[in-house]
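Residue numbers count from 1 along this sequence.
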Amino acid sequence: MAPYHIRKYQESDRTQVLDLFFHALDEYGPASFRHILKLPRTLMLLLGVSLGLLLVSGSWLLALIASPTLLTALRFLCKYPWTKFTADCLRTDMSNITKSYLSEPGSCFWVAEAEGQVVGIVGALPVKERSLHKEQLELLHLYVALDRRGQGIAKALVRTVLQFARNQGYSQVVLTTSMLQHSALALYQRMGFQKLHQFSPLCWRLLAVPLVTFVYCLPSAQAFWEHE
């Protein structure tokens, strides 16, 4: 594979960045569907509805149709949180990347480029909470093209954010990801991020997929956190 380099986002990157963003998020719907199919409650639901229809109607046809219909509904349900997340991003920070990430000194957006193609992205914004605005930098939209994974690109992008945070005087870098993103979870933990808390918004609770927030304490803040 050709080597890559990391640089700041340029407006000419927009089409490639959004293509990578969409393709990355498209992976998570099927992953959520595979996850929910492994849950015991899903099997109970499929069997329970089919048996219930058979007992009530006496029709084997209805009972047989019930499971494929429910599976189709579950597939749609699994895509919904990711579709909503994508739509929310396109209305907010990803609608104008230059304005959102490059108009203020405390934020930035980077791309990993190889052979003229964007193969990885990551962004960083100050947290919205006013009291933490100057203390915490949020890592956002870490994605690497499927055919470029395993080459250290994600790790290099995270390191870029951490170095930026140090240079800008932040004390912590925070991020939120889902428990389904196993490779990302492993990466963050290997790099020294610590799990802060776990939570489940309603649309994620239906899928039994909690979200988790991680924090990385930069050296200036490490001593404080060790004494908390």
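- Scanning all heavy atoms of the two residues, the minimum distance from S178 to W82 falls at OG-CH2, 3.9 Å.
- Contacts classified as salt bridge (Lys or Arg N to Asp or Glu O under 4.0 Å) and involving residues 187-200 (residues at least two apart or in different chains) are not found.
- Taken from CD in Q194 to CD in Q189, the straight-line distance is 10.5 Å, to the nearest 0.5 Å.
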Evaluation steps, side-chain contact (heavy atoms from CB on, under 4.5 Å), between L139 and V174: CA-CA 6 Å; L139 185 153; V174 296; over 6 Å; no
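- Once rounded to the nearest 0.5 Å, the distance linking CD1 of I6 with CZ of R159 reads 10.0 Å.
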From CA spacing to verdict: side-chain contact (heavy atoms from CB on, under 4.5 Å), W110, I121: CA-CA 6 Å; W110 298 267; I121 60 174; over 6 Å; no
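- For the residue pair E115/Y4, the side-chain donor-acceptor check at 3.5 Å is not satisfied.
- Scanning all heavy atoms of the two residues, the minimum distance from L218 to A165 falls at CD1-CB, 3.7 Å.
- Atom CD of residue Q10 and atom CG of residue L102 lie 10.0 Å apart, to the nearest 0.5 angstrom.
- V144 is not listed as a side-chain neighbour of V119, based on a closest heavy-atom distance of 4.5 Å or more.
- With rounding to the nearest 0.5 angstrom, the CG atom of L211 is 10.0 Å from the CE atom of M179.
- By the 30° and 60° cut-offs, the orientation of the rings of F21 relative to H141 is perpendicular.
- Summarising the geometry of Q168 relative to G106, their closest heavy-atom pair is OE1-CA, 3.8 Å, with the distance given to 0.1 Å.
- Taking hydrophobic clusters as Ile, Leu, Val, Met, Phe, Trp and Tyr residues chained together by side-chain heavy-atom distances below 4.5 Å, Y9 shares a cluster with L90.
- Within the structure, the side chain to side chain donor-acceptor pair (under 3.5 Å) test picks out the following pairs touching residues 13-26 (sequence neighbours left out): R7-D13.
- Remark: S183 pairs with no residue by the side chain to side chain donor-acceptor pair (under 3.5 Å) rule, at least two apart or across chains.
- Put simply, the side chain of S100 never gets that close to the backbone of I97: no donor and acceptor are under 3.5 Å apart.
- The closest side-chain heavy-atom distance from L140 to F109 is not below 4.5 Å.
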Check against side-chain contact (heavy atoms from CB on, under 4.5 Å), V158 and L142: CA-CA 8 Å; V158 173; L142 176 65; 3.6 Å; yes
Full working for side-chain contact (heavy atoms from CB on, under 4.5 Å) between V173 and V215: CA-CA 6 Å; V173 176; V215 61; over 6 Å; no
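- In the hydrophobic cluster analysis, where Ile, Leu, Val, Met, Phe, Trp and Tyr join through side-chain heavy atoms closer than 4.5 angstrom, L187 is grouped apart from L146.
- Note on ring orientation: taking the six-membered ring where Trp is involved, the planes of H197 and F199 are tilted (angle from 30° to 60°).
- Here the side chain of T98 pairs no donor or acceptor atom with the backbone of E11 at under 3.5 angstrom.
- Aromatic ring orientation, Y143 versus Y28: tilted (interplanar angle from 30° to 60°).
- Rounding to the nearest 0.5 Å gives a distance of 7.5 Å between CG of L137 and CG of L125.
- Two residues are said to be in side-chain contact when any heavy atoms from C-beta on lie closer than 4.5 Å; F164 and C108 meet this criterion.
- Here the side chains of T213 and L175 are not in contact, with every heavy-atom distance at 4.5 Å or above.
- A salt bridge links E27 with R149; the closest basic N to acidic carboxylate O contact falls under 4.0 Å.
- Every pair tested for salt bridge (Lys or Arg N to Asp or Glu O under 4.0 Å) that includes a residue from residues 95-110 fails, sequence neighbours excluded, so the list is empty.
- For R91, the salt bridge (charged side-chain N to carboxylate O under 4.0 Å, His left out) criterion is met by D88, not counting sequence neighbours.
- Rounding to the nearest 0.5 Å gives a distance of 11.5 Å between OG of S32 and NZ of K79.
- Classification of the F193-F214 ring pair by plane angle, with boundaries at 30° and 60°, yields perpendicular.
- For F76, the side chain to side chain contact (heavy atoms under 4.5 Å, CB included) test picks out no residue, with sequence neighbours left out.
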